Amino acid sequence: MNDLTITQASCADDYDPNSMPVAKAREFIHRFLQPVEGVLRVPVRNALGRVLAADILSPVDVPSHRNSAMDGWAMRFADLATAGETTLAEIGTSFAGKPFGGQVAAGQCVRIMTGGVVPEGADTVVMQERAKVNGQSITFAAGQKAGQNVREAGEDLKAGSVALRKGRIVRPAELGLIASLGVGEVAIHRPLRVAFFSTGDELKSVGTALGAGEIYDSNRYTLHGMLERLGCEALDLGVVRDDPALLEKAFREAAACADVVITSGGVSVGEADFVKTMLGKLGEVVFWKIAMKPGRPLAYGKIGPAHFFGLPGNPVSVMVTFYQFVRDALLVLMGAHPVDPIPTFTATCSARLKKAPGRTEFQRGVLTRAPNGSLSVRPTGEQGSGILKSMSDANCFIILGDATGNIEPGTPVEVQLLEGIV
Ligand code: AMP
Ligand code: MG
C-alpha cells in the first residue's frame, strides 16, 4: 500500500466527499493500488483472460526462415528485365513444409507457395497473377521490385527479443502468438480473489419465496458476471441483513479470504451511518457522494490488506460504478499494465435527452449505424437506476459530462461500448 494513508489523502484542500467528480474519485482510488503478489505457471491455453507475470522472450526468429508471402515463383531479381517480360526456366518447387533443396542460378526460377522457404540464390518472388506458364518456361511481367513478397527470417521477432511484456492480458491473439514461438507454459499472476455480498433486509435469494415488500437480489448475479468476465475469482458470500453484528462478521470474513471486498447497498444516506462506524473500527474507508448519475453514493477503502468498494444498491448503479471505478482498479490489482480506460467515441444522438449540469450521467444507449454510414445513438428508454432492463437493452453508455445540459436531437455525444469483440 502507498505510504499516503486514506485519511491523509482525504484531507487534501480540494477534497469534497459530498460532491466528488468522477475523475477525481478514480484518481484517488488509483493511489492505493499495487498488483497482488503470487505467480503461477500454466499451460498456454489456461492463460486465456489472465495477466502475464513475466516478459515472454522469443526463443526463435519469427519467421524462422526466409519465406514467400505469395503463391508464385522465386528468382534472382537481377534476372528480371526492367522493361518488358522475362522468361525463366522452372527447376523445382518449394512448398510450405517441403523446401527446394538446390540453388537458383541465373535464368532459373522455382515454383513457390505462401510460407515456402525462399531457396538459396533467389531474392524475389513474383506472384502467380503476374506470370504466364508454358510448360517449364515461365514468363514474368515487367515492373517487379527487388525483394518483393519475401518475408525475412526474424522480420516479425528476433530470437531473444521481447514478444509480449509482463502485464499483458492474454487474449486469443496472445495465445496464438505464444504458441507460434513454441512456448508451452507461461507465468501468470494468480487470479484476484474478490468476495462480494449484498446488504438489505428486503433481499431474498433466488429459490426462496418473496414475503411482503421483499425483492430478489440481482446484484450478486451482475457482480458474478462482471467479475468472471474480468478473470477474477468471484466469491459470493450471499445476502447480509442490515444488522450491525451480522455486517461486521461478514466484512471480517470477506476481508480475511479475499484481496478485494465488494458490497452493494447500505452506502446511501441514512443507511451509511452504522456501516461507517463499523468500517471505521475495521479499517480505513471514505464515503463519497459522486457527482454522477446513476451511482451517487460510493465508498472506497482498506479493510486490513483487502481493498473495499461499497457500491450503491440500485442494480443499474452497481453496474455503472463497477465499470467506471472498480473494473480498472481490479485490472491494476491483477497486474495488468498498462490499464487503458475503456475507449469512448462520438455518435450523433437521435433523441432529446434530459440532463442537469453539474454531474456526469451514464445513460444507457443503443448505438447503430445509419444508412448514410454515420453512427447514431438513442437512449434505451426509461433511465431509472433500478431498471436493469435498460442495461440489458443497451449496447453502450451515453456519457454526458459535468458541464452538459439537455441534449437536442442531432447533437454529437460521447459513447462507450459495453462489448468488445475479443
Ligand atoms: P440501498 O443502496 O441499500 O439504499 O438500495 C437502493 C435500492 O436498491 C433499494 O430500492 C434496494 O431495494 C435496491 N437494492 C439494494 N440491493 C439490491 C440487490 N442486491 N438486488 C436488487 N436490488 C437491490
Ligand atoms: Mg439497503
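Remember, predicted model here, so these are calculated numbers, not experimental data. One is the number of the first residue; the rest follow in order along the sequence. Whatever order the structure lists them in is the order used to number ligands and atoms, beginning at 1.
The atoms of ligand 1 that sit less than 4.0 Å from any heavy atom of Tyr216 are 20 (N), 21 (C). Remark: ligand 1 atoms within the under-4.0 Å shell around heavy atoms of Gly266 are 1 (P), 2 (O), 3 (O). Every atom of ligand 1 is numbered from 1 in the order shown, and the set under 4.0 Å from a heavy atom of Ser198 is 19 (N). Residue Ser268 approaches ligand 1 through these ligand atoms, each under 4.0 Å from one of its heavy atoms: 1 (P), 2 (O), 4 (O). Counting atoms of ligand 1 from 1 in the listed order, those under 4.0 Å from a heavy atom of Asp217 are 18 (C), 19 (N), 20 (N). Residue-ligand proximity, Ile215 to ligand 1, at heavy-atom distances under 4.0 Å covers atoms 12 (O), 21 (C), 22 (N), 23 (C).
The distance criterion of under 3.5 Å between nitrogen or oxygen atoms is met by Gly313 with respect to ligand 1.
Note: Tyr300 and Phe32 have tilted aromatic rings, judged against thresholds of 30 and 60 degrees for the angle between ring planes.
Lys276 forms a cation-pi arrangement with Phe287, by the criterion of a distance under 6.0 Å to the ring centre and an angle within 45° of the ring axis.
Between Asp55 and Arg165 there is a salt bridge, since at least one side-chain N of the basic residue sits less than 4.0 Å from a carboxylate O of the acidic one. Between Arg229 and Glu419 there is a salt bridge, since at least one side-chain N of the basic residue sits less than 4.0 Å from a carboxylate O of the acidic one. The existence of a salt bridge linking Arg171 and Glu174 is confirmed by a sub-4.0 Å separation between a basic side-chain nitrogen and an acidic carboxylate oxygen. Salt-bridge check for Glu361 with Lys355: failed, with every basic side-chain N at 4.0 Å or more from each acidic carboxylate O. Under 4.0 Å is where a charged nitrogen must lie from a carboxylate oxygen, and between Arg41 and Glu185 at least one such pair does.
The single protein non-hydrogen atom nearest to atom 21 (C) of ligand 1 is Ser218 OG, 3.5 Å, given as residue, atom name and distance. Shortest contact from atom 18 (C) of ligand 1 to any protein heavy atom: Asn219 ND2, 3.1 Å. Counting only heavy atoms of the protein, atom 12 (O) of ligand 1 lies nearest to Glu202 OE2, 2.6 Å. Among protein heavy atoms, atom 6 (C) of ligand 1 sits closest to Asn314 N, 3.8 Å. At the shortest separation from atom 4 (O) of ligand 1 among protein heavy atoms lies Glu271 OE1, 2.7 Å.
Between the side chains of Ser385 and Asn314, a donor-acceptor pair is found at a separation under 3.5 Å.
Between Phe197 and Phe251, the distance from one ring center to the other falls under 6.0 angstrom.
Residue side and main chain included, Glu202 places no N/O/S atom under 2.8 Å of the Mg ion (ligand 2).
Taking the Mg ion (ligand 2) as reference, Glu271 places its N/O/S atom OE2 nearest.
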*Is there a side-chain contact (heavy atoms from CB on, under 4.5 Å) between Val62 and Val60 once you walk through the steps?*
CA-CA 6 Å; Val62 180; Val60 290; 4.2 Å; yes

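Neither the backbone nor the side chain of Val267 comes within 4.0 Å of ligand 1, counting heavy atoms alone.
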